[in-house]
Amino acid sequence: KQEVTQIPAALSVPEGENLVLNCSFTDSAIYNLQWFRQDPGKGLTSLLLIQSSQREQTSGRLNASLDKSSGRSTLYIAASQPGDSATYLCAVERGSQGNLIFGKGTKLSVKP
Amino acid sequence: DTEVTQTPKHLVMGMTNKKSLKCEQHMGHRAMYWYKQKAKKPPELMFVYSYEKLSINESVPSRFSPECPNSSLLNLHLHALQPEDSALYLCASSRGTEYNSPLHFGNGTRLTVT
């Protein structure tokens, strides 16, 4: 059974700092890995999708890496801003049916 | 603003009520999903529709009944729910299950069962 773990559960940093969020998964047979952010009481916003054959994806200040063999992904956020404060969720898709298995998330707080 | 629209935003219903949640997208996506998110927990998949046909039912109780009238609309009919069914119900869509494409989520319907 696929299990997804995110460390740390919560993180507080001062504005401007670069930071890394970690995600690990137990079964390396994945179709893709997706990173989302969720603001309180809201839905999920897709940030990056890394296909199983890819090593990384970048979007603006965000960079996500994937090491399938070791079952790890990282989300790097450069020059953090207070607007980045949210819960960041990592999810792996095993088959191609949209069945995402989510981690419990990392709650990020960026202090001005 | 999200491109997946869910109504209502909030719903309070009794255990004997019948209600429906609605979801709409106009991105031309051919796969649509219902996820359930309990407080302080990650989302969990309930149903997947691919080209308007139900392709995955994650052993969801029959008091939840999905419906996909057309490629833009997805409903979730609720009947005889229990208080433990209170949660945020999230609808999502993607280009298609055969494509390696991201899921786009709506803002959810927060359901309280009394």
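Sequence lines set the chain letters: A, B, ... in the order given, protein chains first and strands last, and positions in each chain run from 1.
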Below 4.5 Å from any heavy atom of chain B, which atoms of A:Gln34 appear? Answer side chain, backbone, both or neither.
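For A:Gln34, the contact with chain B is made by the side chain alone.
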Can you tell me if [X] has over 12 outside heavy atoms packed within less than 6.0 Å of its [atom1]?
{"X": "B:Glu67", "atom1": "CD", "value": "yes"}
{"X": "B:Arg95", "atom1": "CZ", "value": "no"}
{"X": "B:Arg63", "atom1": "CZ", "value": "yes"}

Among the clusters formed by ILVMFWY side chains lying less than 4.5 Å apart, do [X] and [Y] turn up in the same one?
{"X": "A:Val110", "Y": "A:Tyr76", "answer": "no"}
{"X": "A:Tyr31", "Y": "A:Val4", "answer": "no"}
{"X": "A:Trp35", "Y": "A:Val13", "answer": "yes"}
{"X": "A:Tyr88", "Y": "A:Val92", "answer": "yes"}
{"X": "A:Ile50", "Y": "A:Leu100", "answer": "no"}

Distance from [X] atom [atom1] to [Y] atom [atom2], nearest 0.5 Å?
{"X": "A:Glu93", "Y": "B:Ser94", "atom1": "CD", "atom2": "OG", "answer": "7.5 Å"}
{"X": "A:Leu44", "Y": "B:Asn107", "atom1": "CG", "atom2": "CG", "answer": "10.0 Å"}
{"X": "B:Leu90", "Y": "A:Gln38", "atom1": "CG", "atom2": "CD", "answer": "6.5 Å"}

Between B:Pro43, B:Ala92, B:Ser101, B:Pro102, which residue shows the highest count of heavy-atom pairs closer than 4.5 Å to chain A?
B:Pro43
Side chain from CB out, backbone as N, CA, C, O: work out which of these in B:Leu88 comes under 4.5 Å of a heavy atom of chain A, or both, or neither.
side chain
Just to be sure I understand the criterion: a residue of [range] counts if one of its heavy atoms is under 4.5 Å from a heavy atom of chain A. Which ones qualify?
{"range": "residues 7-18 of chain B", "answer": "none"}
{"range": "residues 31-41 of chain B", "answer": "B:Tyr33, B:Tyr35, B:Gln37"}
{"range": "residues 45-60 of chain B", "answer": "B:Leu45, B:Val48, B:Ser55, B:Ile56, B:Glu58"}

Is the shortest side-chain heavy-atom distance between B:Leu103 and A:Ser46 below 4.5 Å?
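When only atoms from C-beta onward are counted, A:Ser46 and B:Leu103 do not touch, as no gap falls below 4.5 Å.
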Would you say the side chain of A:Thr45 lies within less than 4.5 Å of the side chain of B:Phe105, judging by non-hydrogen atoms?
no
Which heavy atom in B:Asn100 sits nearest to a heavy atom in A:Asn32, and how many Å separate them?
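Looking at all heavy atoms of both residues, the closest pair is OD1-ND2, 2.6 Å.
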Taking salt bridge (charged side-chain N to carboxylate O under 4.0 Å, His left out) as the cut-off, I'd like each qualifying pair that reaches into residues 100-114 of chain B, sequence neighbours left out, listed once.
none
